J.: 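I'd like to ask you about the structure that follows.
All figures in this text were calculated on a predicted structure; none of them were measured in a lab. In what follows, chains are A, B, ... by sequence order, proteins preceding strands, each numbered from 1.
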Amino acid sequence: MSITTIRGMSDVLPDESGRWRWVEERARALFHAFGYDEIRTPILERTELFVRSLGESTDVVEKEMYTFATGSGESLTLRPEGTASVVRSFVQHALAQRGPANRLYYLGPMFRHERPQKGRSRQFHQIGAEVLGAGSPEADVEIIAMLWAFLGEIGVDGIQLELTSLGDAACRPAYLERLRNFAESRVGELCENCTRRRLTNPLRILDCKVEGCRKALADAPLMTEHLCEPCRTHHGGVERLLAALGIPFVANPRIVRGLDYYVRTAFEVTTDRLGAQNAVAGGGRYDGLIASFGGPDAPGVGFAMGLERVLELAAPTPAAAPPVFLASHGDESRRAAFGLAHRLRLGGVRVETSLEPTSMKSQMRRAQKLGCATVLMIGESELAAGTVRIKDMTSGAEEDAARDVDALLARLARAPSGA
RNA sequence: GUGGGUGUAGCUCAGUCGGUUAGAGCGCCAGGUUGUGGCCCUGGAGGUCGCCGGUUCGAACCCGGUCACUCACCCCA
């Protein structure tokens with residue numbers, strides 16, 4: 001084998017692509033019911049878009065982006081997440097003019113240059129949704145409810161919804177100061193990582209897994225205890241609405257988001273079944289991001305879920321209808337069968353045939369292997385009679401029927417296999 | 001970027017103390033009645049033993065290097 005996929009990027013082979021399609025189609029259908037429309041943005045964007053939206057000192061921007069320069073010296077980046085592009089598009093095309101709130105979803109590949117491991121690859125796929133232009137708790141809860149409903153629909157279990165508020169520009173700076181001071185007072189007890197992080201990204205020390213840090217920070221001040229009045233009201237509204245919809249959540253004031261743009265609501269859907277990775281989906285509110293890109297002062301909230309991770313946890317894929325096999329014997333029969341297969345296919349039936357002249361035995365074996373419930377056969381006698389033999393693979397019964405496309409289509413639609 | 005584990009057929013894996021032509025199961029292809037599946041039987045295709053170098057009369061096996069995959073750290077979807 002000479003040329004292979006590059007590290008961290010994999011093929012989705014025919015045996016698994018049906019599962020991907022199932023999940024994607026269920027998402028589209030449900031999101032549609034919630035009033036969301038798809039938005040498709042380019043996979044490649046100007047590097048600046050991500051640097052400015054995600055934050056210069058985030059891990060994603062600092063070390064995980066696939067960035068390269070074009071011949072003319074522009075710096076481009078393969079998107080590491082979806083929200084930045086949606087916001088860019090919202091501003092560029094003045095989508096605020098479409099109405100008070102834009103409900104959008106997207107789906108597709110994202111790229112981060114990390115060391116691959118279980119549940120983490122360099123090209124991965126996300127399905128995400130955003131509400132742009134609505135700042136109410138209802139918007140947050142609608143999007144969480146949609147996410148939660150989707151995960152339930154495809155049979156993902158063993159998950160929990162974690163929720164917190166990250167405050168906003170009015171209350172977060174003062175809180176961060178308080179947290180820094182607290183960390184400073186315990187600096188001797190912190191791990192090496194946290195000793196450094198207390199300056200660069202103090203929130204991060206709150207979810208450190210090192211035992212010593214957990215103890216040292218057990219009574220650290222929490223953002224949720226220091227929210228300003230508007231943030232507190234908003235957060236209370238979110239919790240109340242979630243409860244009203246019967247969506248179970250656990251308050252986790254130590255949730256840390258990897259991207260700088262989040263304010264107020266932040267949430268995560270977690271599991272303990274994905275190896276070291278525990279996030280299935282995550283999201284939150286990002287009021288201010290749109291304005292910072294020159295758009296209207298519109299608030300926004302959204303989520304993204306990792307498709308590979310969801311695929312890992314979802315129920316088995318529902319079985320697809322098996323094809324009908326059209327077997328033939330003899331050159332002339334083959335030509336007749338070739339034409340019939342074409343017309344049946346135009347009628348929407350999935351028809352398998354042998355593309356080479358092979359024995360009836362071999363064709364039957366193939367049909368068996370494919371799980372066909374019905375096999376159509378054309379040989380010398382059927383050719384002469386203008387009929388087709390229909391075999392029921394379960395009972396083994398055979399009968400002859402007129403070689404009439406409409407009649408066959410009607411019949412196959414009723415049969416256990418076919419359209 | 002750092003550490004651990006693993007690399008033999010499409011897949012899962014055997015392979016003795018270093019020994020002659022590298023195996024099994026599954027899968028794939030064909031055949032076992034003249035136009036008929038499953039079970040069974042027979043045959044066939046398919047290998048740079050990850051790669052490079054070293055030790056040796058001789059290496060899948062021992063040594064060094066390297067690459068890939070994988071798990072974990074870090075971080076996240």
J.: Distance check needed: C73(B) P versus Arg120(A) CZ, whole Å only.
T.: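 Going from Arg120(A) (CZ) to C73(B) (P), I get 9 Å.
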
J.: Counting Watson-Crick and G-U wobble pairs with both distances under 3.5 Å, what is the dot-bracket string for RNA chain B, 5' to 3', using [ ] for crossing pairs and | for pairs to another strand?
T.: (((((((..((((.....[...)))).(((((.......))))).....(((((..]....))))))))))))....

J.: Under 4.0 Å between a side-chain N or O of Gln117(A) and OP1 or OP2 of C71(B)?
T.: no

J.: Counting only heavy atoms and a strict 4.0 angstrom limit, can you tell me which residues of residues 28-39 of chain A come near RNA chain B?
T.: none

J.: Nearest whole Å is fine: how far is C73(B) P from Lys63(A) NZ?
T.: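 In whole Å, C73(B) P and Lys63(A) NZ are 14 Å from each other.
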
J.: Considering only heavy atoms, which members of residues 260-284 of chain A lie under 4.0 Å from some atom of RNA chain B?
T.: Gly275(A), Ala276(A), Gln277(A), Asn278(A), Ala279(A), Val280(A), Ala281(A), Gly282(A)

J.: Please check the phosphate of C69(B) (OP1 and OP2 only) for any side-chain N or O of Arg7(A) closer than 4.0 Å.
T.: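 Arg7(A) to C69(B) OP1/OP2: side-chain N or O found under 4.0 Å.
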
J.: Arg122(A): which residues meet the salt bridge (charged side-chain N to carboxylate O under 4.0 Å, His left out) condition with it, sequence neighbours left out?
T.: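 Partners of Arg122(A) under the salt bridge (charged side-chain N to carboxylate O under 4.0 Å, His left out) test: none.
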
J.: Does a nitrogen or oxygen in the side chain of Arg257(A) sit under 4.0 Å from OP1 or OP2 of A77(B)?
T.: yes

J.: Is Arg52(A) positioned over the aromatic face of Phe293(A), cation under 6.0 angstrom from the ring centre and no more than 45 degrees off axis?
T.: yes

J.: List in numerical order all residues of residues 140-156 of chain A for which some heavy atom is under 4.0 Å away from an atom belonging to RNA chain B.
T.: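 None - not one residue of the stretch has a heavy atom sitting under 4.0 Å from the strand.
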
J.: Quick one: is Arg365(A) getting a side-chain N or O under 4.0 Å of the G38(B) phosphate, OP1 or OP2?
T.: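 For Arg365(A), the contact criterion (side-chain N or O under 4.0 Å from OP1 or OP2 of G38(B)) is met.
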
J.: I want to check one thing: is the phosphate of A30(B), taken as OP1 and OP2, less than 4.0 Å away from some side-chain N or O of Ser362(A)?
T.: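 For Ser362(A), the contact criterion (side-chain N or O under 4.0 Å from OP1 or OP2 of A30(B)) is met.
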
J.: For the side chain of Gln126(A), counting heavy atoms from C-beta on, which of U36(B), A77(B), C74(B) is nearest?
T.: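 The answer is A77(B), which lies nearest to the side chain.
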
J.: Strictly below 4.0 Å, heavy-atom distances to any atom of RNA chain B: list the hits from residues 303-311 of chain A, or just say none.
T.: Ala304(A), Gly306(A), Arg309(A)

